[in-house]
Amino acid sequence: MTAAAALQKAKTTLALTSNYAVAYAVKAADVDVVAVYPITPQTTIVEKIAEFVDDGELNADLIHVESEHSAMSAVVGAAAAGARVFTATSSQGLELMHEVLHIASGLRLPIVMAVPARALSAPISIHGDYSDVMNTRDTGWITYIASSAQEVYDTVIQAYKVAETALLPVMVSYDGFLMSHTTEPVELNDEEEVRRFLPRKDRPNVLRPEKPITMGAFAMPDWYYEIKYQVQEALMGSLKVVEEVDAEYGKIFGRSYGIVQTYRMEDADYAIIAYGGAAFGNAREAADIAREKGIKAGAIRLRVWRPFPTSHLLKQLAGVKAFAVVDRAIAFGSSGGGPVFLDVAAALWMNGIDIPGLSVIHGIGQRSMYVEDFVKIYEMLKSGERNKVIYMGLRL
Amino acid sequence: MKVVYKSIWDLPAEELFASGHRACAGCGPAIAMRWITKTAGPNTIVVNATGCMEVTTTQYPETAWMVPYLHVAFENAAAAAAGIDSAIRVMSKKGLWSSGKTNVVVIAGDGGTYDIGLQSLSGMLERGHHVLYILYDNEAYMNTGIQRSGGTPRFAWTTTTPVGKAIRGKIQAKKDIMGIVMAHRVPYAATATISNIVDMANKIKTALEYTAEGPTFLHILAPCPPGWRFPEERTVEAARLAVETGYFPLYEYDHGKIRLNPPTSNMVADPKRRKPLREFLKFQGRFAHLTDAEIEELEKEVVANLEYLAKLASL
């Protein structure tokens, strides 16, 4: 048997929700410290991890913290001590962590966190949209948005390598409920192989008595700016790391995703840019239907939201006549458009490209998004609707 | 209390808290830091909450800490320390921690403990982490001015409880933080202050030893000259008078048993040995506005507190 065949044989496929896929990836990564506070729809991740720890399948310490603020604080402490760490949250929990998210990137700690995305209060909603993730935009985290349980599993494993190479925290997000609680087939890697992919390396800046360092110092105006600029530099540079790790992972495990994923974009005149599972799935189906109606439709999915993959995206948009961005979050009071639309618009403007676009807000609080809605977006693009914000699916 | 040091001559000589930091002249907390680090020794990781000590000792690119040090935020030092404790234990099991036995010590002020950090402290205590939590209490938020905290005593002047025509200083009493900690049934908790160094050093040693069982807690009174408004050369005297007047009793909670320490135990046995509270209050600007009636009221509270502690100690 060849090595590749042996590896193939070692693979198992299980029916998993995206949340369980995260737990299996965390186990494969041999994480040391997990700190979590339960919140819907994240909870089943940690329930599964708790089973792994209590059954002795994962040699980790599970800290049952008293809040999400403490969950992020505990993984900051553990990562500062050199441990491989994990946490997960959603919605209000992510908001409660917000302060510490900045500290995690400022301290350059390789923390990995899963975020099944969920709407924010008030009114309280336990259902999925990306309001929580979009609110972390400026925290200095590398942010993935995955679109299948398989990709969630693969991305969490990739995230550890990215985090430990770029020395930045990484968030792996996906649709709350629509993915977190939906079962899909997931091919699992051989755990030994994952651990070879994620070797333990000594990080230079960790808390060790034999070489004392001060972490989290107080910076006056003479230094603060330079230190924060280093986070910006590292984050911008991390896209290359994300790409390399994805390619290496693909070589070893046979699956890779790139930075942006495209569907029928080769000759498309009209593109829908989306993120997450449901929106991209709908956009793809709608593109097929639109093409039957004679509209040259294509779809683009952002797999990485931070750092924003400007050049990857522009390459895809180069030949289109118009585009729409479907945002599952509202950028309240913005100059126009949802959060991702604003970045796409900025990317075009900064590069002197003038392509008209529509900002579509949809799926807020898990309002149903229908394939026909996405077909309608292609039709609007074709009919020349331009430069406005559409609140789709809203009952007026 | 395990008596490791019998006199000041036995105290460790090695300095792990560098001079040249930016704390005020006569800073009580800085004196506490020096003895905490000396007593805990080099195999110690310090987790510091936001506060005077963080701001004055870690001005980038300089640091006063000769032990590994982490500051995260104001309210989460106990949670970050819990993460470090977990990391050390798991990494030791996996052969990834080569530093051997390492103390994890939280250092937080009264604002970070009584108020904003109370939740994470409670969580850390409840979960039984092997962490020594040290509260240095200067009885107000001192690094952003002098604002009241849950540790500020009744009637004290602060910038947010000014002495006005209608309200004269802080209305509420000081929160019983030791009571809150003891309610978590930790192995060990004790009070100490910078005027009684041998007592404090022995309590630090004891608390660190007991962290093998679970979390321990020290409440160290650390007077603040600008915040309490007294001359900077009187810091240690202020701490001593706090103890000798019964304002800040010295005691330990050891596996459910409360024990009063000298001189507090002596004044409980013989009330004549307690100095009048006025001696502690009179040289401090924060109490300068107090009337005789108000001083008397505070004195009654001090006596009542000593009686309460004496009863607990007799159980």
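Within every chain, numbering begins at 1; the chains are lettered A, B, ... in the order of the sequence lines, protein sequences first and strands thereafter.
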Interface moiety of [X] toward chain B, non-hydrogen atoms closer than 4.5 Å:
X: A60(A); answer: backbone
X: I213(A); answer: backbone
X: D202(A); answer: neither
X: L62(A); answer: neither
X: A35(A); answer: neither
X: V31(A); answer: backbone
X: V100(A); answer: side chain

Can you tell me which portion of [X] sits under 4.5 Å from chain A's heavy atoms? Options are side chain, backbone, both or neither.
X: E126(B); result: neither
X: M66(B); result: backbone
X: I45(B); result: side chain
X: V55(B); result: both

Electrostatic pair [X]:[Y] at N-O distance under 4.0 angstrom:
X: E57(A); Y: K27(A); result: yes
X: R34(B); Y: E15(B); result: yes
X: K201(A); Y: E164(A); result: no

If you count heavy-atom pairs within less than 4.5 Å of chain A, which of [options] leads?
options: G83(B), P61(B), G100(B); value: G83(B)
options: V72(B), T50(B), I88(B), T57(B); value: V72(B)
options: L96(B), V46(B), T102(B); value: L96(B)
options: P42(B), A82(B), A73(B); value: A73(B)
options: M124(B), K94(B), Q119(B), E54(B); value: K94(B)

Is the [X]-[Y] ring centre distance short of 6.0 angstrom?
X: H184(B); Y: F217(B); value: no
X: F253(A); Y: F197(A); value: yes
X: Y224(A); Y: Y60(B); value: no

Practice task
Would you kindly say whether Y24(A) and N189(A) are connected by a side-chain donor-acceptor distance under 3.5 Å?
Solution key: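 Absent: no donor and acceptor within the cut-off.
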Handout entry: Pair Y141(B), D115(B): side-chain N/O donor-acceptor within cut-off below 3.5 Å
Key =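 Y141(B) vs D115(B): donor-acceptor pair found between side chains.
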Any idea which of [options] has the most non-hydrogen atom pairs under 4.5 angstrom with chain B?
options: A219(A), S67(A), A217(A); answer: A217(A)
options: N59(A), V33(A), V76(A); answer: N59(A)
options: R84(A), K211(A), E99(A); answer: E99(A)
options: H64(A), H69(A), E210(A), R200(A); answer: H69(A)

Practice task
Check whether any side-chain heavy atom of T37(B) lies under 4.5 Å from a side-chain heavy atom of M33(B), and answer yes or no.
Solution key: no
Exercise for the section: Check the pair E191(A), R195(A) against salt bridge (Lys or Arg N to Asp or Glu O under 4.0 Å), reporting the backbone distance first and the verdict last. Expected result: CA-CA 6 Å; E191(A) 290 195 349; R195(A) 284 164 201 194; 3.6 Å; yes
Handout entry: Shortest non-hydrogen separation from N48(B) to M53(B) and the atoms involved
Key =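 Closest heavy-atom pair between N48(B) and M53(B): OD1-C, 3.7 Å.
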Practice task
Without swapping roles, check the side chain of R203(A) against the backbone of A79(A) for a donor-acceptor pair under 3.5 Å.
Solution key: yes
